[in-house]
Amino acid sequence: MAVSESNISNLFKPIYVKELHHLTHYVPNLEARPNPLEHNTYFQTHQLDTFYYTESDVVLRHIANDHSPSPRFAYHRAGPRRDIYFEPSHVRAAIVTCGGLCPGLNTVMRELVVGLWHLYGVRHIFGVTGGYRGFYSSEPLPLNPKLVHHWHTMGGTLLQTSRGGFDLHNIVDAIHNHSFNQVYIIGGDGTMRGAVAVFDEIQRRKLNVAVVGIPKTVDNDVGIIDKSFGFQTAIEMAQQAISAAHVEAESAVNGIGLVKLMGRSTGHIALHATLSSRDVDCCLIPEIDFYLEGKGGLFEFLDQRLKENGHAVLVVAEGAGQDIIPRTDSQKEERDESGNLVFLDVGVWLKSELKKWWARDHPDELFTVKYIDPTYMIRAVHANATDNLYCTLLAHSAIHGIMAGYTGFVAGPINGNYAYIPLEDVARANNPVNTKDHTWSWVRSVTNQPDFLRS
Ligand SMILES: Nc1ncnc2c1ncn2[C@@H]1O[C@H](COP(=O)(O)OP(=O)(O)OP(=O)(O)O)[C@@H](O)[C@H]1O
Ligand SMILES: O=P(O)(O)OC[C@H]1O[C@](O)(CO)[C@@H](O)[C@@H]1O
Ligand SMILES: [Mg+2]
């Protein structure tokens with residue numbers, strides 16, 4: 001079939017490749033050396049011309065031709081390079097986990113240790129315990145493949161994590177004093193912003209230390225990458241809570257099942273859990289303001305649903321409705337150790353508002369709200385099989401990149417391919433739910449919920 005040229009002309013726009021920082025840019029006299037994978041019996045380096053990736057191997061930022069006039073970007077492809085810039089016996093690698101938990105943290109660490117050890121022959125690998133503060137407040141923990149053997153079967157982070165405690169100069173002093181020359185920083189958006197500061201300071205001091213960020217965000221609030229490891233596992237776990245809420249609601253007269261899911265500034269978990277479940281009547285996310293009373297409001301919608309079906313299931317992201325929950329002045333100021341605003345419990349508030357509404361409007365009718373808050377249950381589990389595989393590829397990507405001398409970068413999947421992205425780009429990129437696109441329309445078509453646009 002013929003293809004009209006005008007439809008595809010955009011495909012031929014120039015592609016700009018996002019340049020990466022490299023140790024040779026600021027450390028003088030660094031020598032390249034052959035990749036030891038050359039002598040690894042498991043890898044067919046000679047039989048496969050394309051085994052090593054070069055500067056011209058790239059991953060496109062957008063693969064759909066969207067007709068937009070903006071330029072097209074690409075990132076360097078993640079994977080082994082022919083030359084490396086570390087003598088493996090001189091490597092002292094540090095691994096740290098910061099921020100909240102996410103399924104797969106232990107797997108990423110396991111694979112970093114095993115990968116460094118077996119792929120490149122690195123023998124000095126350390127865990128920094130308790131997040132960023134651990135660099136300067138505790139002794140690093142030596143790690144080896146035997147020690148981490150079962151880590152992928154466990155939830156949480158065996159190195160422990162924390163919020164706050166980001167003291168740039170103490171952290172970089174500690175990196176220098178422990179002679180770490182590879183730093184693997186696993187964490188969310190805040191952690192990535194911290195990693196940029198660490199990288200900038202390392203560069204300023206001209207230290208021969210490479211830094212890589214490995215994005216972890218159960219909320220999926222980090223941009224550019226396809227999605228975080230652990231996200232799928234969290235969605236799977238959320239199904240149990242939604243199913244329970246559905247059973248409870250269905251078994252009551254005028255029953256409402258209310259489930260609160262994580263999602264501080266983004267509603268991805270609530271949205272994906274809703275689409276996967278199909279038992280959800282209304283999904284509330286931070287990106288969409290909602291209201292309770294009056295025409296087009298939540299109560300009117302639920303009233304209708306209860307009349308039609310006798311029950312309803314409501315999924316709410318923790319960050320939804322924060323602007324309409326009454327707060328005291330001190331609650332307005334409350335922040336966690338990292339400076340993130342502490343949220344009020346939207347689930348507890350909604351449950352109470354729902355009960356008040358029903359008692360006011362239907363005083364003689366039975367009504368039940370069953371509130372389920374599985375918050376930590378969806379993130380404190382070990383990664384499922386798909387996420388475990390993802391964690392492995394992510395760890396290996398990070399190792400190959402850092403051994404090749406790249407620094408100040410993030411390893412992550414873009415359109416299904418692993419790529420290296422400048423750290424500062426990732427630290428800047430948030431990832432709200434796009435409420436104008438097809439996915440949100442799909443949610444609304446599944447739930448038939450109001451758009452909450454006051455007419
Ligand atoms: N702008 C920043 N500059 C330097 N460090 C930061 C910055 N923001 C956060 N951090 C540090 O990064 C670490 C983690 O931050 P935070 O608690 O916000 O979690 P996160 O990485 O965003 O993960 P998540 O939100 O997914 O749990 C903390 O130690 C915090 O002090
Ligand atoms: O109670 P913690 O550990 O601060 O974590 C809660 C926060 O962490 C996250 O899981 C990730 O940012 C958010 O969804 C949630 O607000
Ligand atoms: Mg965060």
Side-chain angles (χ1 to χ4, degrees), residues 96-105 108 128-138 155-157 159-172 174 183 185-202 211 213-223 225 227-231 233-235 237-238 259-273 285-286 316-322 334-347 373-381 410 423-424 426-433:
V96 66
T97 54
C98 311
L101 296 186
C102 184
L105 279 167
V108 173
V128 173
T129 54
Y132 274 128
R133 69 185 75 235
F135 275 106
Y136 56 86
S137 63
S138 52
T157 160
L159 287 184
Q160 300 183 314
T161 185
S162 70
R163 299 192 188 274
F166 187 85
D167 182 328
L168 179 61
H169 291 278
N170 275 337
I171 291 169
V172 179
V183 183
I185 302 178
I186 312 167
D189 57 331
T191 305
M192 293 302 128
R193 287 191 283 275
V196 170
V198 169
F199 167 62
D200 286 346
E201 180 60 16
I202 283 172
V211 177
I214 303 183
K216 159 246 55 123
T217 151
V218 76
D219 292 355
N220 204 28
D221 57 3
V222 172
I225 59 167
K227 62 175 175 272
S228 167
F229 66 83
F231 179 70
T233 305
I235 301 302
M237 290 303 293
V259 179
K260 184 184 75 174
L261 294 173
M262 282 196 165
R264 162 179 283 285
S265 52
T266 59
H268 294 285
I269 295 179
L271 182 158
H272 284 257
I285 58 171
V316 59
E318 64 174 329
Q322 292 298 316
E334 210 186 331
R335 292 181 181 270
D336 68 14
E337 296 93 326
S338 293
N340 302 306
L341 194 65
V342 172
F343 285 165
L344 297 179
D345 192 325
V346 61
D373 176 357
T375 300
Y376 294 108
M377 288 178 62
I378 69 166
R379 72 171 202 189
V381 291
V410 155
L423 193 46
E424 63 272 20
V426 175
R428 266 198 304 265
N430 54 15
N431 187 34
V433 168

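Order of listing sets the numbers, starting from 1, for every ligand and every atom in it. If you're wondering where the values come from, they're calculated on a predicted model, not measured in any experiment.
Under a 3.5 Å cut-off, the side chain of H268 and the backbone N or O of N431 do form a donor-acceptor pair. Side-chain atoms of T129 do not come within 3.5 Å of backbone N or O of G134 as any donor-acceptor pair. With T97 contributing its side chain and Q160 its backbone, the two residues share a donor-acceptor pair below 3.5 Å. When atom types are taken as modelled, the side chain of E318 and the backbone of G263 share a donor-acceptor pair closer than 3.5 angstrom. With hydrogens and angles ignored, the 3.5 Å screen pairs no side-chain donor or acceptor of K216 with any backbone N or O of G99. Of the possible polar contacts, one joining the Q322 side chain to the L344 backbone as a donor-acceptor pair under 3.5 Å is found.
Of all atoms in ligand 2, listed by their number and element, those nearer than 4.0 Å to a heavy atom of Y376 are 1 (O), 2 (P). Short contacts between ligand 1 and S338, defined as distances under 4.0 Å to a heavy atom of the residue, involve ligand atoms 15 (O), 16 (P), 17 (O), 18 (O), 28 (C), 30 (C), 31 (O). In the vicinity of R193, heavy-atom distances shorter than 4.0 Å reach the ligand 1 atoms 1 (N), 2 (C). Contact atoms of ligand 2 toward G263: 14 (O) (distance under 4.0 Å to a heavy atom of the residue). Each of the atoms 10 (O) of ligand 2 lies under 4.0 Å from some heavy atom of V218. For ligand 2, the atoms sitting less than 4.0 Å from at least one non-hydrogen atom of E318 are 13 (C), 14 (O), 15 (C), 16 (O), numbered in the order shown with element in parentheses. Every atom of ligand 1 is numbered from 1 in the order shown, and the set under 4.0 Å from a heavy atom of N340 is 16 (P), 17 (O), 18 (O).
Here the CZ-CZ distance, from F343 to R264, works out to 5.0 Å after rounding to the nearest 0.5 Å.
Among all non-hydrogen protein atoms, the one lying nearest atom 10 (N) of ligand 1 is G190 O, 3.4 Å. For atom 19 (O) of ligand 1, the nearest protein heavy atom (residue, atom name, distance) is R163 NH1, 3.2 Å. Looking only at protein heavy atoms, the nearest one to atom 4 (O) of ligand 2 is R163 NE, 2.8 Å. Closest protein heavy atom to atom 14 (C) of ligand 1: T191 OG1, 3.2 Å. With respect to atom 22 (O) of ligand 1, the closest heavy atom belonging to the protein is D189 OD1, 2.5 Å. The nearest protein atom to atom 23 (O) of ligand 1, hydrogens excluded, is given as K216 NZ, 3.3 Å; this is a heavy-atom distance. Atom 11 (C) of ligand 2 has its closest protein heavy atom at D219 OD2, 3.6 Å. Looking at atom 3 (O) of ligand 2, its nearest protein heavy atom turns out to be R379 NH2, 2.9 Å.
For ligand 1, one of its N or O atoms has an N or O atom of G100 under 3.5 Å away.
L101 pairs with exactly one of V381, I378, V218, T161 by the side-chain contact (heavy atoms from CB on, under 4.5 Å) rule, that one being T161.
No hydrogens or angles considered: nothing links the side chains of T217 and S228 as a donor-acceptor pair under 3.5 Å.
The closest approach between any non-hydrogen atom of M192 and ligand 1 is not below 4.0 Å. Not a single heavy atom of D219 sits closer than 4.0 Å to an atom of ligand 1. Heavy-atom separations between D336 and ligand 2 are all 4.0 Å or longer. Put simply, part of G164 is less than 4.0 Å from ligand 1, judged by heavy atoms.
Looking at F166 and V198, their side chains come closer than 4.5 Å, going by heavy atoms from C-beta outward.
Only protein N, O or S atoms were scored, and 1 of them lie under 2.8 Å from the Mg ion (ligand 3).
Salt bridge present: D373 and K260 bring a charged side-chain N and a carboxylate O closer than 4.0 Å.
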